[in-house]
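Note that the structure is a prediction, hence the values are computed from the model and not measured.
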Amino acid sequence: MYQKPFINKIRSWIFIGFMGFVIIYFAFRVFDFASGPKILISSPINGQRIDTETFLVEGNIRNAKNIYLNGREIAINESGDFKEILIAKSPYTLIVISAFDKYGKFKEKILEVAKK
């Protein structure tokens, strides 16, 4: 007789906890897509000095449909990683990476690399 209200309270708290988890999970997923593309450049570092004729630009892009490096569309793998080789120009090379998502949101990163 006394166990039934207790079991109902436990079921209610489990249901409330589960629904809270579901709401928080979907809120984070929606925020991730609503915030637009994310660009992370691992190489080169902004302002880095290059002593070779060519250098590697690599990084990771998330939540993007179209990706451009200096106005030229580039491909990424399934993880969002990319690697492209550029020619170093004197006195510096400007690197512009642009990304558009499927909702039209736009992000851009600009780096300068100096030639020794």
- Under the 4.5 Å side-chain heavy-atom rule for ILVMFWY, direct or indirect, which residues accompany Phe82?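 Taking Ile, Leu, Val, Met, Phe, Trp and Tyr as members, Phe82 shares its hydrophobic cluster with Ile39, Ile41, Ile50, Phe55, Val57, Ile61, Ile67, Leu69, Ile74, Ile76, Leu86, Ile95, Ile97, Leu111, Val113.
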Just wondering, are more than 12 heavy atoms of other shown residues or ligands nearer than 6.0 Å to [atom1] in [X]?
{"X": "Glu53", "atom1": "CD", "result": "no"}
{"X": "Phe106", "atom1": "CZ", "result": "yes"}
{"X": "Ile85", "atom1": "CD1", "result": "no"}
{"X": "Leu94", "atom1": "CG", "result": "yes"}
{"X": "Ile87", "atom1": "CD1", "result": "no"}

Query raised in the report: For the residue pair Glu112 and Asn46, what are the closest heavy atoms and their distance?
Result: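 Nearest heavy atoms, Glu112 then Asn46: N-OD1, 2.8 Å.
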| message | Treating Asp101 as the side-chain partner and Ala64 as the backbone partner, does any N or O pair qualify as donor plus acceptor under 3.5 Å? | response |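 Such a contact is absent between Asp101 side chain and Ala64 backbone.
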Using only atom types and a distance under 3.5 Å, with no angle test, would you say the side chain of Asn60 pairs donor to acceptor with the backbone of Ser79?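 Such a contact is found between Asn60 side chain and Ser79 backbone.
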[Y] side chain reached by [X] side chain, heavy atoms, under 4.5 Å:
{"X": "Phe15", "Y": "Arg11", "result": "no"}
{"X": "Glu58", "Y": "Asp81", "result": "no"}
{"X": "Thr93", "Y": "Lys115", "result": "no"}

Review point. When the ring planes of Phe100 and Tyr68 are compared, do they come out parallel, tilted or perpendicular, using 30° and 60° as the limits?
Key: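 Correct class here is perpendicular.
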If you round to the nearest 0.5 Å, how far is CZ of Phe18 from CD1 of Ile14?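 It comes to 11.5 Å.
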**Message:** Just verifying a value: how many Å separate Lys109 NZ and Leu40 CG, rounded to the nearest 0.5 Å?
**Reply:**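 So the gap between those two atoms works out to 6.0 Å.
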- Message: Same cluster or not: Val22 versus Tyr25, using hydrophobic residues (I, L, V, M, F, W, Y) connected whenever any side-chain heavy atoms lie under 4.5 Å apart?
- Response: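 Yes.
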